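Data first, discussion second: the structure below is written as structure tokens.
Bear in mind the structure is a predicted one, so any value in this text is a computation, not a measurement.
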Amino acid sequence: MAEPGHRTRFFDHRLPPLYSGRHTVTVNHTVSGDSRVGQDLLPDLEQVFAVRQPRLQLLPEDVAACYPPPGAEGEYAVVLPHITLTRPGFPWFHLLRGAHAGSPWLALLVFRPGELPEDMQAVGQVTVSTAAQFVAGQAGDGRPPTFDPPLYDDERELTVTSILVPGPLFTALCPTTYELGMLAHIREGGPPDATRRAGEDPPPDEEDLKAVLVSGRFPDTGGLHVAHLVSLDGFEDYLDGKTPPPAEGLRLVSLHSWAFTSIDDGKLGFAEFAQQLAADPEPVLRHPGLPTTSEVPLALDLLKQGGTMLPQSLESGESTVGFYRGPLTAAPAHRLPQGLGERLDSAGEGLVYVEELGAYDTGYAVAFSVGRGLALADAEFRSALLAFRKAARQATRRLLTFPELGALSEREAAAGINTRVARRAFDRLLGENGPLAAALARPGAEVKAGGRRPAVSAASHGPLSAGRLRTAVADASTRSVLSAAVQSQLEPVRTWLTRLARLEMVPFGHLVPDEQMLPPESLRFFHVDTGWIHAAVDGALSVGVGHALDADLNDLAREIRGIPQLASGVVIRSELLANWPDAILVAFAQGSEIAPIQQHDLGDDLRVLLYAGVVDRFAVCEPAQGLHFGLSYNNTTELRSIVAPVGQPLGDFPDDDSGYKQFLRPGEHDVLDIENRLVPALVSALSRALPAEDLEDLSSAQFALQMVKAPLAQEFVPNPLSSPESTEGTL
């Protein structure tokens with residue numbers, strides 16, 4: 001089954017061949033042969049060298065993205081802020097003393113107002129100094145790190161930004177060295193790779209690798225927050241609870257920081273709106289709550305198709321009620337009743353009398369009137385329609401007046417109609433081989449003896465009757481020649497009719513005649529009645545018809561080629577469209593995604609989508625603003641398989657009502673306790689919940705996969721929409 005997708009792979013880390021710092025190379029010599037010879041001449045040698053990497057500054061181009069975005073305001077209480085770096089190996093350039101190889105030397109810490117002594121408002125204030133001042137403790141209060149190796153000479157004048165973090169706050173927020181490894185990974189993302197076969201695992205795309213560091217702390221809804229990417233290099237003694245931080249606090253290098261606002265605006269979220277839309281067990285476009293049985297089954301059937309009852313005024317002046325059904329129907333429309341021709345010449349011809357009910361079905365009559373009214377209101381279309389008919393009448397007469405055009409190809413005949421055929425005939429008469437030249441070449445006596453000119457055949461040169469013209473227009477080959485001959489005049493007419501056939505201009509009240517059929521916060525499936533559209537096109541073409549030939553010539557305009565007929569659609573009325581204008585709406589037919597032929601936005605909260613196929617599944621997806629981490633609306637995450645097929649959803653975690661509060665550190669700081677220090681421990685609980693053999697612990701990439709806050713997708717299935725009856729012909 002087709003699904004909208006995006007390929008993403010996670011990798012644990014990128015370890016350098018050599019970590020930054022001082023390294024020693026030792027050379028030992030061994031002499032073969034007589035071990036007494038030359039041993040003292042070849043002593044062991046040691047060479048000390050340094051591997052240097054940036055440790056005090058992060059360039060702006062090194063940061064690919066931050067989430068929540070800098071300066072953003074929104075509901076971020078269930079999001080784990082994170083930063084994406086363009087250099088995939090940057091977090092692993094240094095190895096913290098005592099840490100395992102996969103632990104980075106960086107941590108992303110999130111602070112709230114009142115927590116940082118030098119930034120009580122959490123707006124991102126930092127202290128700026130040189131590296132030499134910073135290391136010497138001259139940048140402000142707080143113990144600076146003890147770098148190993150110490151500052152190099154060319155580092156002393158570098159600009160360093162730093163923050164003061166109180167000791168107890170550092171202990172409460174800072175991840176352990178194990179958690180540092182779990183909160184950092186490398187991401188590779190891109191569109192689905194159609195060339196990749198199942199089971200293949202190609203090497204990473206070096207151009208698409210980025211490092212991601214995730215905070216272990218959830219924001220609250222209290223307003224401003226500031227996130228700092230800090231260096232833990234030189235603070236190893238205060239990690240993992242080895243030694244409590246000093247009373248004066250710690251002064252940390254802040255490599256990058258940004259502020260955002262987390263609030264609770266009291267509004268419904270995307271999930272709540274989507275669930276409201278999905279609450280209707282029968283999302284089809286008709287009156288809700290119709291009974292399954294009725295004393296008048298035919299009336300019930302008309303209502304189940306999506307009809308409604310409206311007041312009706314008869315031509316006799318009487319007032320009654322009639323059924324109206326627009327082009328959007330809850331069930332496939334019935335075939336046109338017998339007696340209705342291939343086209344309607346008046347609105348009255350579209351009235352269908354339902355004898356059993358003693359009432360009219362007015363749908364096609366109204367469609368005819370709608371099409372006619374729209375045409376009369378458009379002066380440009382009226383002019384184009386009259387110009388087309390005038391050109392078509394003239395082309396038809398020329399085609400019958402000069403029978404020789406019939407022997408030409410369609411293209412040549414169309415070109416011949418548009419030239420001065422009379423002048424061309426006169427030119428042939430005067431030509432070198434023409435009849436006049438041949439007559440002049442004959443002797444006078446022979447000409448005189450030749451007698452009178454034969455009478456003109458009435459069959460070929462007599463007056464063109466209306467019947468003969470209509471007969472010619474009815475011929476399919478003749479219509480093809482005429483369409484080509486009047487193409488320039490016909491094109492604007494067909495363009496306008498195409499818009500009408502796609503329901504662009506039809507007032508919404510004629511599409512959905514009763515508000516009860518589409519209440520607020522609803523999504524409805526429907527079929528499209530092509531008979532209604534045919535009637536509307538007939539009404540538009542009825543403007544300016546003076547005689548039967550004009551009505552026949554309208555058939556040229558009805559042949560709208562290359563336009564797929566509408567079959568079904570979806571109409572949505574919800575604030576979800578206004579609040580999430582970039583929401584992704586995807587329709588499927590027989591397992592394949594189909595694109596809408598037409599989309600009508602009739603306000604911020606109303607959208608109509610029309611399709612050529614019958615929609616059997618529909619999805620409303622939250623805008624994919626990026627791959628984020630955190631909890632879903634019900635305080636859970638989506639458990640995902642870590643064995644093939646990797647990433648397959650396995651249900652909510654936790655699968656009870658406990659949520660993630662059980663996995664937070666004590667102290668009301670909303671910090672995840674990832675390491676096995678609490679019971680239940682997050683990583684251990686995830687490991688037990690995943691169906692994988694011999695899984696003792698998760699890697700950082702596997703943990704990131706479990707914490708992905710994927711955009712929500714709500715699916716809708718009609719109940720059910722059956723395939724409409726096939727229709728033949730064109731509009």
Side-chain angles (χ1 to χ4, degrees), residues 58 63 65-84 106-129 134 139-144 160-175 179-180 183 213-232 235 238 244-267 269 628-631 635 659-661 663-674 709:
L58 188 65
V63 179
C66 301
Y67 192 84
E73 178 178 309
E75 297 187 14
Y76 301 120
V78 293
V79 171
L80 291 175
H82 58 275
I83 184 171
T84 304
L106 304 173
L108 184 63
L109 303 182
V110 175
F111 301 97
R112 299 169 180 171
E115 292 184 339
L116 294 178
E118 298 175 342
D119 186 17
M120 296 298 288
Q121 302 302 318
V123 296
Q125 290 182 327
V126 294
T127 299
V128 179
S129 66
F134 173 74
D141 295 337
R143 182 172 299 180
V160 173
T161 57
S162 62
I163 58 174
L164 171 62
V165 180
L169 182 64
F170 178 84
T171 301
L173 302 186
C174 186
E179 292 173 338
L180 287 174
L183 292 170
L213 293 107
V214 184
S215 172
R217 187 186 196 186
F218 292 102
D220 62 9
T221 56
L224 277 169
H225 292 67
V226 60
H228 287 274
L229 180 65
V230 300
S231 167
L232 299 178
F235 290 117
Y238 309 116
E248 68 266 29
L250 301 178
R251 181 156 294 275
L252 304 178
V253 175
S254 175
L255 297 171
H256 188 80
S257 63
W258 76 96
F260 61 91
T261 303
S262 177
I263 61 173
D264 181 4
D265 58 9
K267 297 180 180 179
H628 308 316
F629 304 90
L631 308 180
N635 199 31
Y660 259 70
K661 288 186 177 180
F663 303 121
L664 299 180
R665 289 182 182 179
E668 303 297 327
H669 289 288
D670 298 325
V671 178
L672 280 177
D673 196 320
I674 301 171
K709 180 178 170 58

Reported CG-to-CG distance for the pair Leu232 and Leu252, which is rounded to 0.5 angstrom
7.0 Å
Check for a donor-acceptor pair, side chain of Glu73 on one end and backbone N or O of Thr261 on the other, with a separation under 3.5 Å.
no
Under the criterion side-chain contact (heavy atoms from CB on, under 4.5 Å), I'd like the reasoning laid out for Val226 against Leu116: C-alpha separation, chi angles, the key distance, then a yes or no.
CA-CA 10 Å; Val226 60; Leu116 294 178; 4.2 Å; yes
Considering non-hydrogen atoms only, spot the tightest contact between Leu108 and Leu229 and give its length.
CD1-N, 3.9 Å
Under 3.5 Å: donor-acceptor pair, side chain of Lys709, backbone of His628
no
With sequence neighbours left out, write down each residue that passes ring-ring contact (aromatic ring centres under 6.0 Å, His included) with His225, or none if nothing qualifies.
Phe260
Under the 3.5 angstrom rule, does the side chain of Arg665 hit a backbone N or O of Ala172 as a donor-acceptor pair?
yes
Supply the atom-to-atom distance His228 NE2 to Ser162 OG, rounded to the nearest 0.5 angstrom.
10.0 Å
Is there a side-chain contact between Glu75 and Thr221 in this structure, where contact means two heavy atoms from C-beta onward sitting under 4.5 Å apart?
no
Spacing of CG belonging to Leu631 relative to OH belonging to Tyr660, to within rounding of 0.5 Å:
6.5 Å
When rounded to the nearest 0.5 angstrom, what distance separates CG in Leu672 from CG in Leu80?
5.5 Å
Does some side-chain heavy atom of Val78 sit less than 4.5 Å from a side-chain heavy atom of Pro219?
no
Can you list the steps and then say if Phe218 with Asp220 is a side-chain contact (heavy atoms from CB on, under 4.5 Å)?
CA-CA 7 Å; Phe218 292 102; Asp220 62 9; over 6 Å; no
Nearest heavy-atom contact between Gly216 and Leu183 is N-CD1, 4.0 Å
Ser231 OG to Leu255 CG distance, which is reported to the nearest 0.5 Å:
6.0 Å
Taking side chain to side chain contact (heavy atoms under 4.5 Å, CB included) as the test, write out the residues that go with Pro244, two or more places apart.
none
List the steps, then state whether salt bridge (charged side-chain N to carboxylate O under 4.0 Å, His left out) holds for Arg217 with Glu115.
CA-CA 14 Å; Arg217 187 186 196 186; Glu115 292 184 339; 2.8 Å; yes
Specify the closest pair of heavy atoms between Trp258 and Tyr67, including all atoms of both residues, with the distance to one decimal.
CZ2-O, 3.9 Å
Test: salt bridge (Lys or Arg N to Asp or Glu O under 4.0 Å). Region: residues 245-257. Which pairs qualify, not counting sequence neighbours?
Glu118-Arg251, Arg143-Glu248
Could you report the tightest heavy-atom contact between Val110 and Pro81, atom names first, then the distance?
CG2-CG, 3.8 Å
Could you give all pairs that pass the salt bridge (Lys or Arg N to Asp or Glu O under 4.0 Å) test and reach residues 162-173, with sequence neighbours left out?
none
Test item: Thr161 side-chain N/O and Ser254 main-chain N/O as donor-acceptor pair under 3.5 Å
yes
Side chain to side chain contact (heavy atoms under 4.5 Å, CB included) with Val63: which residues, sequence neighbours excluded?
Leu58, Cys66, Ile83, Leu85, His256
Side chain to side chain, Val160 and Val128, heavy atoms closer than 4.5 Å
no
Qualifying residues under ring-ring contact (aromatic ring centres under 6.0 Å, His included), relative to Phe629, sequence neighbours excluded:
His82, His185
When you look at Val126 and Ile163, which way does the side-chain contact (heavy atoms from CB on, under 4.5 Å) test go after all the steps?
CA-CA 6 Å; Val126 294; Ile163 58 174; 3.9 Å; yes
Any carboxylate oxygen within less than 4.0 angstrom of a Lys/Arg side-chain nitrogen, looking at Asp670 and Lys661?
no
Considering non-hydrogen atoms only, spot the tightest contact between Val165 and Phe111 and give its length.
CG2-CZ, 4.0 Å
Closest approach of Ala122 to Leu224 (non-hydrogen atoms, all atoms of both residues)
O-CB, 3.9 Å
Is there a side-chain contact (heavy atoms from CB on, under 4.5 Å) between Tyr238 and Leu250? Walk through the geometry before answering.
CA-CA 10 Å; Tyr238 309 116; Leu250 301 178; 3.8 Å; yes
With distance as the sole test, does Asp119 use its side chain to make a donor-acceptor pair with the main-chain N or O of Gly124 at under 3.5 Å?
yes
